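A, B, ... follow the sequence lines: proteins, then strands. Residue 1 opens every chain. Everything quoted here is computed from the prediction, not taken from an experiment.
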Amino acid sequence: MSSAFDQLARPVQKWIRQQGWRELRDIQARAIRTIYESENDLIVAASTAGGKTEAAFFPLISQVLDAPAEGGGFDVLYIGPLKALITDQAGRLEGICQEVELPVVPWHGDVSQSVKTRAMKNPKGILLITPESLEALFVRRGLEIARLFGATRAVVIDELHTVLDSERGVQLRSLLTRLELAIKRPIRRIGLSATLGDMDLARAYLRPDNAEHVTLIEADGGEAELKLQLRGYLSGGEDDNTPSATDAVAAHLFEHLRGSDNLVFAGARQRVEIYADRLRNLCEQEHLPQEFYPHHASLSRDHRDFVERRLKDNGKPTTAVCTSTLELGIDIGDVTCVAQIGAPFTVAALRQRLGRSGRREGQPAILRQYAVETRLSSDSSFVDRLRLGLIRSIAMIDLLLEGWCEPPKPQALHLSTLVHQILSVIAQRGGAPANVLYSVLCREGPFRQISTAMFTDVLRALGHPETGLIEQTDGGLLLLGQNGERLVEHYSFYAVFKTPEEYRLVSNGRELGTLPIDNILSPGMMLIFSGRRWLVQEIHDREKVIMVKPAKAGVPPVFGGDPGEIHDNVIARMFDVLKADTKPLYMDANALGMLEEARLNYAQIGFTDASLVNLGEETSIIATRVGTMKTTTLALALRGFGFSVEQYDGFLQVEAGDETPLLTEVLTRIGEGEVVDLFAGAGNLLTEKFHPYLTRELLEIDAVSSRLEPRVLATLARAFVSQL
DNA sequence: GACCTGCTGCGGTGTG
């Protein structure tokens, strides 16, 4: 074996030999050398089951064994985004550590109190924890952080891409800074990831002050061959004898996926239930054993475990129809094919999903993309005519093949999470002056875009008598106010993300899953849920329970959701596809026919030469040719002038009212830099968990920073005016 | 026009 192997501690070498491994993988050898020969932070990027965990832990465990820390404290900290992932990884690490008396401590909400108490008394070895449980340690045991982590050599962050610029990612980066401040020295950071669109940005996220010293270790090549098909289907119209597009897609899935393990990404929980129901019926009709199961976050843990077990190690063929629940996380083994119904929202998700297939030597990765479009009639809208879903699928596959995916958005302020961290630091220290808070969170921590003036505004909002989250002593120390105490004391404080209220669905004492509270149901209604059909018997509003019993028919429930966000590059590529005349080889005849139709209509409506087209007296269509953030900004501006506006991928449909000025005149004014109020017709600004404690002014600033781009408004408007 | 993720400490009762 290699020289890297020789650097490892004896017990680790022994364990590797016992596995029958003839050599270390390239990323493992490189990670070992980097960790032994430098103090650098590092990012290890490789596909699922590519040996990333071992790449980080072989050398880390070896270093701990070769030079045990004096005194107590955890030697290595691992942070994982899922409880299931922590349980999985703890099992793997225990295998390596069992002969060396290095404790492996899983720590999350489902771990028993006794395990936690024991670990607190004698902190040692590897601690595997969620961001929320780490947050809880800071809030509840703020003074013990230095004792627990004083000896920690490294922090391993798993699935780094999931925490880059989410609220949760900002929370984690804030906690890492606070950890280093508490023990008064930096801790080596090691990020593990599969999908990273922009490596330089990822390095800057891992270590903002020293990104150039983040070593990047990427698995080279080795990507499986990709087999790809995009099939087109039409829904609506025609007579009753033609099968619906849903039936046709289900029939195709049934025929081609039966007999092996597969993942079908259906895009929404409601569609998961619809397709799982159809596929189940097809099995019953053919008198075949059931092998298609739904999987999404509203289904009970029991049911999800069952489906995951069947995928993982059961010999029975299993296809999960799922949402992004099966996109990352625990190892479910290799699947034969990944199907995607409708275009996804990001190329990153598509890439991550595809990574679930083609992992076995010599097996190709297979992607079956289904595009379902509306059958056209004489009064079809321009959106249907342009077949935007199909076009987006093509654009995304194009970008996927080029290796591009969405980078993080570094400009967002994350004021909701800032509120959370202010309260958390005050709780940790039992009080803090404003300048210390600013220094910890905004100078050292991740909130670097926040000026002292804005920080003061946030503190004022939190200290306002009606909010009552914080108060100030005569000496200038900030303490938790009455409402602040109440908020921080409750266990729901630790997570920074918002969760909707839900009803529990129960049949015969068994919990099937949950439904959002705004889903209006009444006794007697029939429901498809968890791949079966149910009759609603009773609804208990106070206990938030819905009692159901098996039934023969049903309709899928409505789950609701947030608007998606499509990147500029995806929209730009969609317009390239509409303008081009190439015919991708991976499309079937139906899909090619639909593409041809879309291109013809694109030219016919006049978008080849113009971006502003009038359809009748009141209706205009603007081809913005840019992504969701910029398109939404223009839509808000126009609504401010009284237009009613509908938004699509790269397009706006604008309706003039009785009082509205001419659209071209408004666009000219915007193009000349007239200041417009984007929030005049304001929608809901309370999108994050701690938003209710901020002023309207701060909420608008936060919305602009994360969801809008007012700076490009004038340029955008000028582009349309110049064409007139 | 969508999806996903997480949670402490205490007091009560029961068991060996």
Once you apply a heavy-atom cut-off of 4.0 Å, does A:T499 come out as touching a base, just sugar-phosphate, or nothing?
base

According to side chain to side chain donor-acceptor pair (under 3.5 Å), who are the partners of A:T632, at least two apart in sequence or on a separate chain?
A:Q647

With nearest nucleotides of DNA chain B determined for A:R141 and A:A343 from heavy-atom distances, which residue corresponds to the more 5′ nucleotide?
A:A343

Do the two ring centres, one from A:F651 and one from A:F575, sit under 6.0 Å apart?
yes

Under the rule for salt bridge (charged side-chain N to carboxylate O under 4.0 Å, His left out), what residues qualify as partners of A:D158, not counting sequence neighbours?
none

Check every strand shown and say whether A:T323 touches a base, only sugar-phosphate, or nothing at a heavy-atom separation below 4.0 Å.
sugar-phosphate

Terminal contacting nucleotides, 5' and 3', DNA chain B versus chain A (heavy atom, 4.0 Å)
B:dG1 to B:dG9

Residues in side chain to side chain donor-acceptor pair (under 3.5 Å) with A:R429, at least two apart?
none

Across the strands shown, which category fits A:R301 at heavy-atom distances under 4.0 angstrom: base, sugar-phosphate, nothing?
nothing

When you match A:D649 and A:E132 each to their closest nucleotide on DNA chain B, which lands nearer the 5' end?
A:D649

Side-chain donor-acceptor contacts of residues 556-570 of chain A below 3.5 Å, not counting sequence neighbours, with atom names and distances?
unit_1 : atom_1 : unit_2 : atom_2 : d
A:H567 : ND1    : A:N569 : N      : 2.9
A:D568 : OD1    : A:G627 : N      : 2.6
A:D568 : OD2    : A:K630 : NZ     : 2.5

Heavy atoms under 4.0 Å, any strand shown: does A:F345 hit a base, just sugar-phosphate, or nothing?
base

Students often get this wrong, so: under 4.0 angstrom with heavy atoms, is A:R140 touching a base, only sugar-phosphate, or nothing?
sugar-phosphate

Contact class for A:H490 vs. all strands (heavy atom < 4.0 Å): base, sugar-phosphate, or nothing?
nothing

Listed by chain and number, what are the ring pair (Phe, Tyr, Trp, His ring centres under 6.0 Å) partners of A:Y491, not counting sequence neighbours?
none

